[in-house]
A.B. asks: 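I'd like to ask some things about the structure below.
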Amino acid sequence: MESGQKIFHSASVFQTRLKVIAVNEQLHVVYEDNVQFDKDLPEFGTQGGVHVHEDKLTVTSPVLMWLKALDCILDRMKASGFNFSKIKALSGTGQQHGSVYWRTASREVLNHLPAEQPLHIALQTCFSISDSPIWMDSSTRAECHHLEKSIGGAQVLANITGSRAYERFTGNQIAKVYKQKPKEYSQCERISLVSSFAASLFIGDYAPIDYSDGSGMNLLDIHKKTWDETCLNACAPGLKEKLGSVVPSSSVLGNVSSYHVQRYGFSPHCSVVAFTGDNPASLAGMRLEEGDIAVSLGTSDTLFLWIKDPTPALEGHIFINPVHFEDYMALLCFKNGSLMREKIRDNCSSASWEEFSNILRSTPPGNNGHIGFFFDVMEITPQVVGIHRFNAKNQKVSEFPQDVEVRALIEGQFMAKRIYAERLGYKILPQTKILATGGASCNQDILQVYQPLLKRYAECESEVIRASKIL
């Protein structure tokens, strides 16, 4: 590092690892490292960073594992000679929806951490729930039904919180804790998200939940930007006090605690900016602006959108925008992504991406009126399974020629993304940019199909309208 250089530090708590990255004022990476939970911390017995319980529905992660991972990565940085005093500001992200339960009187411990002890020792008695529920958990169906019934239905809940009740969302996880572990719930004085938990470790106090990550809880009124009393009361008593306040995602929470100043040599003037969830951080990190689209083409396909006037629906999610809190972001997840593309590649193009691309180049946009929707496993958006093919006369057919099948798959996937985005309030603007990431984003022929279907090009509008009626 050059003398006098300003460094900005970020820590991210993902499902399988904790990652740290430091950049300078030119956004050049000056340090990067990660701790793999399974490999580096085998004593916690996780697989993929989690514990999957006997019912195959309950999925948790040990809180002390996250603490020890942070200890480990900061110690590595110190051992490498990293100059913590150069860090001017730090922030971070955490896997969305996960929750951490601080035991009564833990705030006092957090305020006075002894610099000679690592965090996982100093804080080992501070959690009433030792294994945190995380986003992979799907054990709260009863709690979801109760919440939707209490608020007046799934659409009413979506109108308030941006999403209908989802099993992984934090409010429903809290409701399950209250119902199944009432003693542990009563012993808890603060409930953090994974993101605000991580921020708390740096400021030495309970960090507030930020607007964007808080939008993934089924508890926050995304319009008023306050906790919704009916949702809170439906989940657990005294919940508002346990959650604390909410703040804009760009809020400066204060300076780094004396613990980190003494133990690692941070400057006492190093600012800590609110941490947020991994999905909102993706929108911010990709530098989206109003009207832009970002799509991650991976095992599942995820669509991120910057919108101003949301129309919450039963599919997809609306979060408060992490960059401009007066705006919103939409998130849509499609389970049948790359694995479905690979299956059609294998069946129709001799398992060759080159041949797959040749077929896309040789078939016309609009596929001569043939439309297909391919769901090898139960889809999230919409909740449908199976292969559904329609000819130019809108008649359902059992099969397509191989070249028609390939284009029908790609066009159908991207039409579905646009249709559900528009149902959430997305509007295509003249300055709209499309950003693609993930494995399939390397295929230029797939992207050439993608662009006109997400923008309003006359030659594909009629097919989009037809597809909308089908979906």
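Below, each value reflects all heavy atoms present in this structure, side chains not excepted, and no hydrogens, waters or symmetry copies. Residues take their numbers from the sequence shown, with the count starting at 1.
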A.B. asks: Should D205 and R190 count as an ion pair when the cut-off is N to O under 4.0 Å?
C.D. replies: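 Salt bridge flag = no for R190 with D205.
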A.B. asks: Which word best sums up how the rings of Y178 and Y185 line up, parallel for under 30°, tilted for 30 to 60°, or perpendicular for over 60°?
C.D. replies: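 Plane angle over 60°, so perpendicular.
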A.B. asks: Is there a side-chain contact between Q96 and W135 in this structure, where contact means two heavy atoms from C-beta onward sitting under 4.5 Å apart?
C.D. replies: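 Counting from C-beta outward, Q96 and W135 never come under 4.5 Å.
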A.B. asks: Are side-chain heavy atoms of L157 and C231 found at a separation under 4.5 Å?
C.D. replies: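 A side-chain contact exists here, since the closest heavy-atom pair is under 4.5 Å.
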A.B. asks: If I take atom OG from residue S249 and atom CZ from residue F275, how far apart are they, to the nearest 0.5 angstrom?
C.D. replies: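 Interatomic distance, S249 OG to F275 CZ, rounded to 0.5 Å: 12.5 Å.
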A.B. asks: Compare all side-chain heavy atoms of R107 with those of N111 and state whether any distance is below 4.5 angstrom.
C.D. replies: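 Result yes, sub-4.5 Å side-chain heavy-atom pair found.
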A.B. asks: For K242 and I174: C-alpha separation, side-chain torsions, deciding distance, then whether side chain to side chain contact (heavy atoms under 4.5 Å, CB included) applies.
C.D. replies: CA-CA 11 Å; K242 293 180 188 292; I174 294 170; over 6 Å; no
A.B. asks: Can you tell me how far apart NZ (K343) and CZ (R345) are? Round to the nearest 0.5 Å.
C.D. replies: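 Atom-to-atom, K343:NZ and R345:CZ are 13.0 Å apart.
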A.B. asks: Can you tell me how far apart CG (N34) and CG (D40) are? Round to the nearest 0.5 Å.
C.D. replies: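 Reported value, rounded in 0.5 Å steps: 7.5 Å.
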A.B. asks: Supply the atom-to-atom distance L303 CG to Y420 OH, rounded to the nearest 0.5 angstrom.
C.D. replies: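 Result: 13.0 Å between the selected atoms.
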A.B. asks: Side chains of H53 and T60: closer than 4.5 Å at any heavy-atom pair?
C.D. replies: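 Of all side-chain heavy-atom pairs linking T60 with H53, at least one is under 4.5 Å.
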A.B. asks: Is any side-chain N of the basic residue among E184 and R103 closer than 4.0 Å to the acidic one's carboxylate O?
C.D. replies: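 Answer for the salt bridge query: no.
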A.B. asks: Which of parallel (below 30°), tilted (30 to 60°) and perpendicular (above 60°) describes F197 and W66?
C.D. replies: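 Aromatic pair F197/W66 classed tilted.
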A.B. asks: Would you say the side chain of L424 lies within less than 4.5 Å of the side chain of I318, judging by non-hydrogen atoms?
C.D. replies: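 When only atoms from C-beta onward are counted, L424 and I318 do touch, with a gap below 4.5 Å.
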A.B. asks: Give the C-alpha distance, both sets of side-chain angles, the deciding distance and a yes or no for side chain to side chain contact (heavy atoms under 4.5 Å, CB included) between M340 and T299.
C.D. replies: CA-CA 9 Å; M340 191 71 247; T299 303; over 6 Å; no
A.B. asks: Between E167 and N172, does any side-chain donor sit less than 3.5 Å from a side-chain acceptor?
C.D. replies: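 E167 vs N172: no donor-acceptor pair found between side chains.
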A.B. asks: Please report the interatomic distance CD1(I160) to NZ(K224), rounded to the nearest 0.5 Å.
C.D. replies: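 That separation rounds to 8.0 Å.
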A.B. asks: After noting the C-alpha distance and the side-chain angles of H97 and F169, does the key distance pass the ring-ring contact (aromatic ring centres under 6.0 Å, His included) rule?
C.D. replies: CA-CA 5 Å; H97 314 303; F169 274 40; 4.5 Å; yes
A.B. asks: Report yes or no: do R341 and Q413 form a side-chain donor-acceptor pair below 3.5 Å?
C.D. replies: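 Yes - a donor-acceptor pair under 3.5 Å links their side chains.
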A.B. asks: At what distance, to the nearest 0.5 angstrom, does CZ of F319 lie from CG of L220?
C.D. replies: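 Answer rounded to 0.5 Å: 11.0 Å.
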A.B. asks: With side chains defined as the heavy atoms from C-beta onward, is the minimum distance between K39 and R17 less than 4.5 Å?
C.D. replies: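 With C-beta onward as the side chain, the pair stays apart.
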A.B. asks: Is the F375 ring parallel, tilted or perpendicular to the F373 ring (thresholds 30°, 60°)?
C.D. replies: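 Ring orientation of F375 relative to F373: parallel.
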A.B. asks: Does the pair D33 and M77 meet the rule for a side chain to side chain contact (heavy atoms under 4.5 Å, CB included), with working shown?
C.D. replies: CA-CA 8 Å; D33 195 8; M77 294 178 76; 5.8 Å; no
A.B. asks: So, do T46 and M65 sit near enough that their side-chain heavy atoms are less than 4.5 Å apart?
C.D. replies: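 Side chain of T46 against side chain of M65, heavy atoms only: contact under 4.5 Å found.
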A.B. asks: Salt bridge check, K68 against E43: does any charged N sit closer than 4.0 Å to a carboxylate O?
C.D. replies: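 Answer for the salt bridge query: yes.
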A.B. asks: Could you check H51 against F44 for ring-ring contact (aromatic ring centres under 6.0 Å, His included), going step by step and ending with a plain yes or no?
C.D. replies: CA-CA 9 Å; H51 291 147; F44 292 98; 8.3 Å; no
A.B. asks: Check whether any side-chain heavy atom of E189 lies under 4.5 Å from a side-chain heavy atom of Y101, and answer yes or no.
C.D. replies: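 With C-beta onward as the side chain, the pair stays apart.
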